[in-house]
Protein chains: 2
Amino acid sequence: MSISERKEREKSEMRELVLQTALKLFIDKGFENVSIRKIADAIDYSPGTIYLYYKDKDEILFELHNRGFSEFYKFQLAVQNIEDPIARLDAHGRAYIDFALSNPEYYDIMFIARAPAKKIKLFNNWELGDRTYSLLKDNVKSCIDAGYYQGQNLEAVVFALWAFVHGIASLIIRERMQLVPKDVLQQLTAGALQFMKSTAK
Amino acid sequence: MSISERKEREKSEMRELVLQTALKLFIDKGFENVSIRKIADAIDYSPGTIYLYYKDKDEILFELHNRGFSEFYKFQLAVQNIEDPIARLDAHGRAYIDFALSNPEYYDIMFIARAPAKKIKLFNNWELGDRTYSLLKDNVKSCIDAGYYQGQNLEAVVFALWAFVHGIASLIIRERMQLVPKDVLQQLTAGALQFMKSTAK
DNA sequence: TGCATAAATGAACACCGTTCATTATATTTA
DNA sequence: TAAATATAATGAACGGTGTTCATTTATGCA
């Protein structure tokens, strides 16, 4: 069994190597500069070899999307120990945007890029997206239980808040705020978050 | 003067033909299926000819982005005759999402795709984006003047509302809501809009 | 050591955006 | 009208892309 075990290990090591190389290119040179050929080149393999470990480029991007969610989830958990539900929800929102802007490549592939959407459809579930959504939902639920968002529909509020933070993150990442000076944008974002917090009751 | 006038007319007609063909391909076959070669093919010209009328592909996409804004602006104006400021702002929000979902290709190239961002940066202004933003700002201002959004910062509220509707539109267009049934999604969107309306005061 | 299996190769295919020397068409001049 | 000039269009070529597959190389087992 030892040999087949080693083979399996080597296979997953190679998959990991490809993935890490893709991520590195992704972060260093941007989305449009990641190609199968460049990944292969960076690890001294021929282009065809990549296809022995991944079905196609979308599978690599989908795997990166998964890694992004894993990082994202950890990042979000750091906020869950806050007692006060409103403070927790507020911190959650800020953490969301913070992650997005600190890891724009990950955020893009998780929530903006077209590539992973096809695979999500294929698998007919989006486990990682749902898990993130549930976290937000729990926090909104806590607020409602504590008497905030009175008379509001839980799902509607959750979707609204998600859309809100996603809107900010994606407008910035896709450079629709590039003509707003950085410090002004920061204030604007902080102001918008504060406004959103104030709507809890 | 007649001949040079005709030449100019022919030049702008050809530019228009290229643009309309690009738009048609865009809408019929999606973003990734629009190529210089396919545009040229569709109008029975060689690929090189396109470059006599447009500097590069990004210029075509940027021009489509401009057309999109022109359509968008007209669409938004239809809502401006509503008297009550809150009702007007609410209708504005619904019109925004309505336009985005009815013209996903336009919306994508206006607010999501990477290509136009480079040209925006180049010109160092985003006249069309600013005009749209002003319209929203005026409507929020009217609400504040009428006593709503008390104690809120105008710019912060405008940015928050824009981010909110953009968030909804872009999550749907980039297929992050594809596993939510269409009718449920419609309800969710309506609910979120209603929640947002309720935060005005 | 020889053989079967697995892994890696890299040329080939069909695309892409873009450039540019060459060809064809239209206009102006003699 | 004919020749010369200016404008427009061409399409091959360049360097890139994702992907496939017959061929070669390396490994594991008898």
Side-chain angles (χ1 to χ4, degrees), chain A residues 1-19 21-22 25-26 28-65 109 113-119 122, chain B residues 1-19 21-22 25-26 28-65 109 113-119 122:
Chain A
M1 266 299 181
S2 160
I3 283 177
S4 70
E5 272 174 20
R6 199 207 64 214
K7 290 245 165 144
E8 232 170 87
R9 199 193 62 221
E10 282 175 354
K11 186 133 194 164
S12 72
E13 276 173 1
M14 184 64 169
R15 275 181 70 94
E16 188 62 26
L17 181 62
V18 170
L19 208 63
T21 308
L25 283 170
F26 204 26
D28 291 355
K29 320 230 166 161
F31 186 86
E32 50 270 358
N33 274 303
V34 178
S35 72
I36 296 286
R37 283 176 154 86
K38 280 176 186 162
I39 295 169
D41 214 54
I43 56 176
D44 296 315
Y45 279 90
S46 71
T49 306
I50 306 289
Y51 288 86
L52 300 175
Y53 298 92
Y54 288 96
K55 192 190 152 289
D56 53 25
K57 193 184 178 183
D58 279 2
E59 195 175 299
I60 298 174
L61 296 179
F62 183 66
E63 201 49 45
L64 279 177
H65 148 282
I109 210 169
R114 282 219 173 78
K118 294 180 225 167
K119 298 283 175 187
L122 207 66
Chain B
M1 267 299 182
S2 160
I3 284 177
S4 71
E5 270 174 22
R6 199 206 64 214
K7 292 247 163 142
E8 233 170 86
R9 199 193 63 220
E10 282 174 352
K11 186 131 194 166
S12 72
E13 277 173 1
M14 183 66 169
R15 274 181 70 95
E16 188 62 27
L17 181 61
V18 170
L19 209 63
T21 308
L25 283 170
F26 204 25
D28 290 354
K29 319 229 166 164
F31 186 86
E32 49 270 0
N33 274 302
V34 177
S35 70
I36 295 287
R37 283 175 152 87
K38 280 177 187 162
I39 295 170
D41 215 53
I43 57 176
D44 296 315
Y45 278 90
S46 70
T49 306
I50 306 288
Y51 289 86
L52 301 174
Y53 299 91
Y54 288 95
K55 194 189 151 289
D56 54 24
K57 193 184 178 183
D58 279 3
E59 195 175 300
I60 299 175
L61 297 178
F62 183 66
E63 201 49 45
L64 279 177
H65 148 281
I109 210 169
R114 283 219 172 77
K118 293 181 223 165
K119 298 282 173 186
L122 207 67

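Naming convention: chains lettered A, B, ... in sequence-line order (proteins, then strands); numbering from 1 in each chain.
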Which pairs pass ring-ring contact (aromatic ring centres under 6.0 Å, His included) with one or both residues in residues 35-62 of chain A, sequence neighbours excluded?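 Listed once each, the pairs are A:F62-A:H65, A:F62-A:F123.
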[N] [atom2] sits how many Å from [X] [atom1], rounded?
X: B:I39; N: C:dT18; atom1: CD1; atom2: C1'; answer: 14 Å
X: A:I36; N: C:dC16; atom1: CD1; atom2: C1'; answer: 16 Å
X: A:E32; N: D:dT17; atom1: CD; atom2: C1'; answer: 13 Å
X: B:Y45; N: D:dA12; atom1: OH; atom2: P; answer: 19 Å
X: B:D44; N: D:dA8; atom1: CG; atom2: P; answer: 20 Å
X: A:D41; N: C:dT9; atom1: CG; atom2: P; answer: 11 Å
X: A:K11; N: C:dA7; atom1: NZ; atom2: P; answer: 6 Å

Donor-acceptor contacts, no H, no angles, side chain residues 33-42 of chain A, under 3.5 Å, sequence neighbours left out:
residue: A:N33; atom: OD1; partner: A:K38; partner atom: NZ; Å: 3.2
residue: A:N33; atom: ND2; partner: A:K29; partner atom: O; Å: 3.0
residue: A:S35; atom: OG; partner: A:K38; partner atom: N; Å: 3.1

Would you say C:dT9 has OP1 or OP2 under 4.0 Å from some side-chain N or O of A:S46?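 So the side chain of A:S46 is within the cut-off, an N or O lying under 4.0 Å from OP1 or OP2 of C:dT9.
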Close approaches to DNA chain D from residues 50-62 of chain B, in residue order (heavy atom, under 4.0 Å):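 Under 4.0 Å from DNA chain D: B:L52, B:Y53.
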Please determine whether a side-chain nitrogen of the Lys or Arg among A:E59 and A:R15 lies less than 4.0 Å from a carboxylate oxygen of the Asp or Glu.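 Yes, charged N to carboxylate O under 4.0 Å.
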